Amino acid sequence: MSYTAAVLTISDKGARGQREDTSGPALCGILRENGWEVTRTAILPDELEQIKEALIRCADEERVDLVLTTGGTGFSSRDVTPEATLAVVERETRGIPEAMRAESMRITPRGCLSRAAAGIRGGTLIVNLPGSEKAARENLLAVLEPVRHGVDMLRSGGSADCAAPAGRPAPPSMDQWLREAKAGPDAGRIGMYLTHNGVVRETARAAVRAGEPTAPVRGMRFAYDRAGMEAAVAETRRMEGIFYVRAWLNEGVLEAGEDIMYVLVGGDIRPHVVEALQFLVGKLKSECVTEEELYGQAGGAHPAAMPMTD
């Protein structure tokens, strides 16, 4: 299922070009890594009416599933994002900002000072996030899966099963990634793109490496360190001649043939892009991922848990 989102950065200095917006792009990256399609981004000043107008346009005209705002949730007299949000929503969803504040309080006592709000307008969920990149990331990651379920409920008229386990992140569209890359500010500097798509194979690691006889792999428990993945992507972006990097990792219990990871790297010349792709895939496999093979006859699987290294 495809989900759409808009990300609005609320900042006087950002709107005047006096401060680089890092929070908005960071939120876009998290959304895209988790299968969301970001259809609109904007930087707005801390003006109540402009914020209200943008929120209404996203919900009523563009009909996006989710609107994230970043900034304007503090105590300054110019911080009016919650007021703009509450003025346009039809129903509040107080549990979302409560969960985000609880997560922030685990990190700093000042987390209770956030005035972030959230609510529903028509079929759109609107959520306020803090202005700092770090806090915005932490808050979004704390609620992203429940938010996805909330969007499912809106789409289904509220009939989704709240007791059902959270679903796995949807695999991204490589075509969409490429379209976004080619529309980006560095597209003119990129001479080639390389991709990597890892999947769960039926042949166990021991059989691949040493030719040891094993039963076929029936599935895999797969997990990853999100902060480590983001750090690996950032490190790859700093490599010579590299101008675009995206990565996505799956999680949960996967079946043979299901996707483990997608990686897209764009750069100036082939040697740089090949080196960057190999570096990133190797970094993800050796430092960010844990896998547990489930193999043996159906009904009698024997797991073998270890970091992913091949």
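Quick caveat: nothing in here was measured; it's all calculated off a predicted structure.
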Given Ile30 and Leu144, is the side chain to side chain contact (heavy atoms under 4.5 Å, CB included) satisfied, shown in steps?
-> CA-CA 9 Å; Ile30 292 173; Leu144 187 55; 4.0 Å; yes
Can you give me the closest heavy-atom contact between [X] and [Y], atom names plus distance?
X	Y	result
Glu33	Arg246	N-NH2, 4.4 Å
Asn34	Trp248	N-CD1, 4.2 Å
Ser11	Ile43	O-CG2, 4.4 Å
Phe222	Ile260	CZ-CG2, 2.9 Å
Leu280	Ala247	CD2-CB, 4.5 Å
Cys58	Arg40	SG-NH1, 3.4 Å

Donor-acceptor under 3.5 Å ([X] side chain, [Y] main chain):
X	Y	result
Thr70	Pro130	yes
Glu258	Glu255	yes
Ser132	Ala135	yes
Asp186	Arg189	no
Thr4	Glu37	no
Arg101	Cys112	no
Asn197	Met261	yes

Grouping I, L, V, M, F, W and Y whenever their side-chain heavy atoms are under 4.5 Å apart, do [X] and [Y] come out in a common cluster?
X	Y	value
Ile107	Leu141	no
Leu125	Val88	no
Ile126	Leu68	no
Val67	Val151	no
Ile269	Met192	no

Under 4.0 Å between a Lys/Arg side-chain N and an Asp/Glu carboxylate O for [X] and [Y]?
X	Y	result
Asp152	Arg155	no
Glu145	Arg148	yes
Glu49	Lys52	yes
Arg121	Asp60	yes
Asp12	Arg78	yes
Glu291	Arg221	no

Just verifying a value: how many Å separate [X] [atom1] and [Y] [atom2], rounded to the nearest 0.5 Å?
X	Y	atom1	atom2	value
Leu284	Met229	CG	CE	7.5 Å
His272	Leu277	NE2	CG	14.5 Å
Ile242	Arg237	CD1	CZ	11.5 Å
Ser76	Asp46	OG	CG	7.5 Å
Leu129	Ile10	CG	CD1	11.0 Å
Thr93	Leu154	OG1	CG	9.0 Å

Do [X] and [Y] have side chains that approach each other closer than 4.5 Å (heavy atoms only, starting at C-beta)?
X	Y	result
Trp36	Leu66	yes
Ile120	Val89	no
Thr290	Tyr224	no
Val273	Tyr193	no
Leu55	Leu8	yes

For salt bridge (Lys or Arg N to Asp or Glu O under 4.0 Å), just list the numbers for Glu103 and Arg106, CA-CA rounded to whole Å, side-chain angles, deciding distance to a tenth of an Å, and then say yes or no.
-> CA-CA 5 Å; Glu103 176 65 18; Arg106 294 175 56 250; 2.9 Å; yes
Go through Thr69 and Val127 one step at a time and tell me if the side chain to side chain contact (heavy atoms under 4.5 Å, CB included) criterion holds.
-> CA-CA 6 Å; Thr69 69; Val127 179; over 6 Å; no
Quick one: do the Asp65 and Thr124 side chains pair a donor with an acceptor below 3.5 Å?
-> no
Pair Glu133-Thr22, side-chain donor/acceptor within less than 3.5 Å = yes
Please lay out, stage by stage, how Arg137 and Glu230 fare under the test salt bridge (Lys or Arg N to Asp or Glu O under 4.0 Å).
-> CA-CA 11 Å; Arg137 284 177 176 272; Glu230 293 177 356; 2.6 Å; yes
Please check if atom [atom1] in [X] has more than 12 non-hydrogen atoms from other residues, nucleotides or ligands closer than 6.0 Å.
X	atom1	result
Glu202	CD	no
Glu90	CD	yes
Arg110	CZ	no
Glu62	CD	yes

Step-by-step side chain to side chain contact (heavy atoms under 4.5 Å, CB included) determination, Met220 to Leu294 = CA-CA 5 Å; Met220 177 184 292; Leu294 305 175; 5.8 Å; no
Stepwise side-chain hydrogen bond (donor to acceptor under 3.5 Å, both in side chains) check, Thr73 with Asp79 = CA-CA 6 Å; Thr73 61; Asp79 290 334; over 6 Å; no
From CA spacing to verdict: side chain to side chain contact (heavy atoms under 4.5 Å, CB included), Glu83, Arg115 | CA-CA 9 Å; Glu83 285 70 28; Arg115 298 191 309 110; 2.7 Å; yes
For the side chain to side chain contact (heavy atoms under 4.5 Å, CB included) test, which of Pro97, Pro82, Ser114 pairs with Asn128?
-> Pro82
With salt bridge (Lys or Arg N to Asp or Glu O under 4.0 Å) as the test, would you mind laying out the steps for Glu61 and Arg57 before giving the verdict?
-> CA-CA 5 Å; Glu61 298 176 16; Arg57 182 166 58 251; 5.1 Å; no
